[in-house]
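Quick notes on the structure that follows.
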Number of protein chains: 2
Amino acid sequence: MGRPRTFDEDKALESAMRVFWNQGYEDASLADLLADMGLTKGSFYKAFLDKKSLYLAALDLYARQSIVPMVEGLMDRTAGSGHDRILRVFQSIVDMGRSNGDRVGCFLCNAAVDRAAHDPDVELRLNSMFARMEDGFAAALADHLNKGPEAEDVRAGAKALVSQFMGLRVLGRAGQSVRFGDGVLSEVRRLLKLG
Amino acid sequence: MGRPRTFDEDKALESAMRVFWNQGYEDASLADLLADMGLTKGSFYKAFLDKKSLYLAALDLYARQSIVPMVEGLMDRTAGSGHDRILRVFQSIVDMGRSNGDRVGCFLCNAAVDRAAHDPDVELRLNSMFARMEDGFAAALADHLNKGPEAEDVRAGAKALVSQFMGLRVLGRAGQSVRFGDGVLSEVRRLLKLG
DNA sequence: CGTGTTTTGTACCAATCGGTTCCAAACCTT
DNA sequence: AAGGTTTGGAACCGATTGGTACAAAACACG
């Protein structure tokens, strides 16, 4: 019943996410978004409610597409030791910076800086992602230390790893992930050497 | 020679810095800036060249006002042990979050996310600030470890501390510095316990 | 083959964007 | 007090902002 869509809503959302990701909310104009999504205003406002809703949907997509897999990788006991699972996360960020110059950073991290403080809907989503990441690191760290994931030093270590991760991605956004990556990696390695 | 200024250029710049600091470059409209600076367009465009120049000047002010003192504190051997100087830096960020809810983050860090990738003039300034911070941490760390500030593990540790610091400030911007602060602090303390 | 329903593209909207122009007001110098 | 010089403020600019209205187009169903 009615005229069928000529575009893929998921693909369009993915395009929007990329635009928001490397331009930020304010700097991504509707025109930029529409061009990259390959659709016109008529279709856009019918499919997605407005710019802000699109942004929130892009955040949710990022959670599904990037955060969840990363957390699953950290929690997956069949994917190597806790030590290796943690290191792999940081190594992949450094490698990304080395190969393509990164400059895109982490959408979660970018959103935290430019929208979280001004939009409670964004803040809610980010806090949930931060918590998931903490749980992921905690799971891997608990395995590494042969402790429960709720042990006090495990939680503390997991929080520090989230923070360390965010820092590396900020530096990556500024084009510094190669310069700082090795230092971060070797310190994470040292942190994991402790009992 | 001519009519004298009725505003303090330094105060105006400080206001502009605050506005850019918590709204970002794009979201800070000229109207916002003028309102906070307490001057009209005529005076503004005469004193500061344009919006971007104002932003760069604000970044330079931040370097002078926040980064330099912090780095000096880290390098100052009369200000306690290297261990204490480093911990104090992180402690002050956590305390800031505890007392006023922060939400402002670090201007350097905010600029890295929303401007560095798109403006080489910004990137240049940020890289210089990152390097200074690394030198500051390296100096304190070298004192702590009784090594030279160029020792390989000192440089690595300093880089990791810069990254950790940036991460904490991103989390603070998202209102999470209290939640993550203790974890970060205790891990920094552990990192400093190593020989 | 119509009819009803949905999508699509375009024209249009007021508001705001950063920036310029221009002149009167306000001062210093002589 | 007069002349020279700089500032301050308002009027104005074209371009762009996010968003709406509406009619033509494209399908499913009877």
Side-chain angles (χ1 to χ4, degrees), chain A residues 1-60 110-111 114-115 117-122, chain B residues 1-61 110-111 114-115 118-122:
Chain A
M1 39 210 335
R3 180 172 173 176
R5 287 251 163 92
T6 59
F7 67 95
D8 181 336
E9 191 170 326
D10 292 338
K11 296 272 179 200
L13 181 56
E14 207 154 339
S15 293
M17 179 182 73
R18 282 198 313 268
V19 174
F20 279 134
W21 191 340
N22 64 58
Q23 302 193 205
Y25 183 79
E26 293 290 341
D27 198 33
S29 73
L30 216 44
D32 292 337
L33 291 162
L34 294 177
D36 224 80
M37 297 168 82
L39 40 85
T40 56
K41 290 194 174 183
S43 338
F44 168 76
Y45 279 101
K46 192 133 334 192
F48 310 90
L49 191 57
D50 55 13
K51 190 184 176 185
K52 183 185 157 175
S53 302
L54 179 66
Y55 187 75
L56 294 178
L59 273 180
D60 290 337
N110 297 359
D114 77 11
R115 294 307 300 164
H118 303 92
D119 189 332
D121 295 321
V122 172
Chain B
M1 54 262 275
R3 179 176 171 174
R5 288 254 163 89
T6 58
F7 67 95
D8 182 336
E9 192 170 328
D10 292 338
K11 296 273 179 197
L13 181 56
E14 207 153 341
S15 293
M17 178 181 73
R18 281 198 313 268
V19 174
F20 279 133
W21 193 338
N22 63 57
Q23 302 193 205
Y25 183 79
E26 293 289 342
D27 198 33
S29 73
L30 215 44
D32 292 336
L33 292 162
L34 295 176
D36 223 82
M37 298 168 83
L39 40 85
T40 56
K41 290 193 173 182
S43 336
F44 169 76
Y45 279 100
K46 194 135 338 189
F48 310 89
L49 189 57
D50 55 13
K51 190 186 176 184
K52 182 185 158 175
S53 302
L54 179 67
Y55 188 76
L56 294 178
L59 272 181
D60 290 338
L61 177 62
N110 297 358
D114 76 12
R115 293 307 300 165
H118 305 91
D119 189 333
D121 295 321
V122 172

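Below, chains carry the letters A, B, ... as their sequence lines are ordered, and counting in each starts from 1. The analysis underlying the following values was restricted to heavy atoms, covering all of them including side chains, and did not include hydrogens, waters or symmetry mates.
Listed by chain and residue number, nothing satisfies the salt bridge (Lys or Arg N to Asp or Glu O under 4.0 Å) test with B/R3 (two or more places apart in sequence, or in another chain). Qualifying side chain to side chain contact (heavy atoms under 4.5 Å, CB included) partners for B/A12, counting only residues two or more places apart in sequence or in other chains: B/F7, B/M37, B/L39, B/F48. With sequence neighbours excluded, no residue forms a salt bridge (Lys or Arg N to Asp or Glu O under 4.0 Å) with A/D8.
Taking the 5' to 3' direction, DNA chain D first and last meets chain A under 4.0 angstrom from a heavy atom at D/dT17 to D/dA28.
For the pair A/F48 CZ and C/dT8 P, the interatomic distance rounds to 11 Å; values are reported in whole Å. One interatomic measurement links the two molecules: NZ of A/K46 to C1' of C/dT6, which rounds to 7 Å at whole-angstrom precision. Here C/dG18 presents its P atom at 15 Å from NZ of B/K52, a figure rounded to the nearest Å. Taking atom NZ of B/K51 as the reference point, atom C1' of C/dT16 lies 12 Å away to the nearest angstrom.
You'll find that the side chain of A/R3 is closest to C/dT6, out of C/dT6, C/dG19, C/dC27.
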Less than 3.5 Å apart, which donor and acceptor atoms pair up between the side chains of residues 15-24 of chain A and the rest of the protein, not counting sequence neighbours?
from, atom 1, to, atom 2, distance (Å)
A/S15, OG, A/K11, O, 3.3
A/S15, OG, A/D36, O, 3.4
A/W21, NE1, A/V104, O, 3.3
A/W21, NE1, A/G105, O, 3.1
A/N22, ND2, A/R18, O, 3.2
A/Q23, NE2, A/D27, O, 3.2
A/Q23, NE2, A/D32, OD2, 3.3

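Nearest approach of B/A111 to B/L59, heavy atoms of both residues: CB-CD2, 3.9 Å.
DNA chain D lies under 4.0 Å from no heavy atom of any residue of residues 23-34 of chain B.
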Taking it one step at a time, do B/L54 and B/L13 satisfy side-chain contact (heavy atoms from CB on, under 4.5 Å)? CA-CA 8 Å; B/L54 179 67; B/L13 181 56; 3.8 Å; yes
Test log, rule side-chain contact (heavy atoms from CB on, under 4.5 Å), inputs B/Y55 and B/L33: CA-CA 11 Å; B/Y55 188 76; B/L33 292 162; over 6 Å; no
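Annotation: of the two residues near DNA chain C, B/P4 and B/F44, the 5′-most nearest-nucleotide partner is B/F44.
Figure legend: A/K51 and A/Y25 shown as a cation-pi pair, the cationic atom lying under 6.0 angstrom from the six-membered ring centre and within 45 degrees of its axis.
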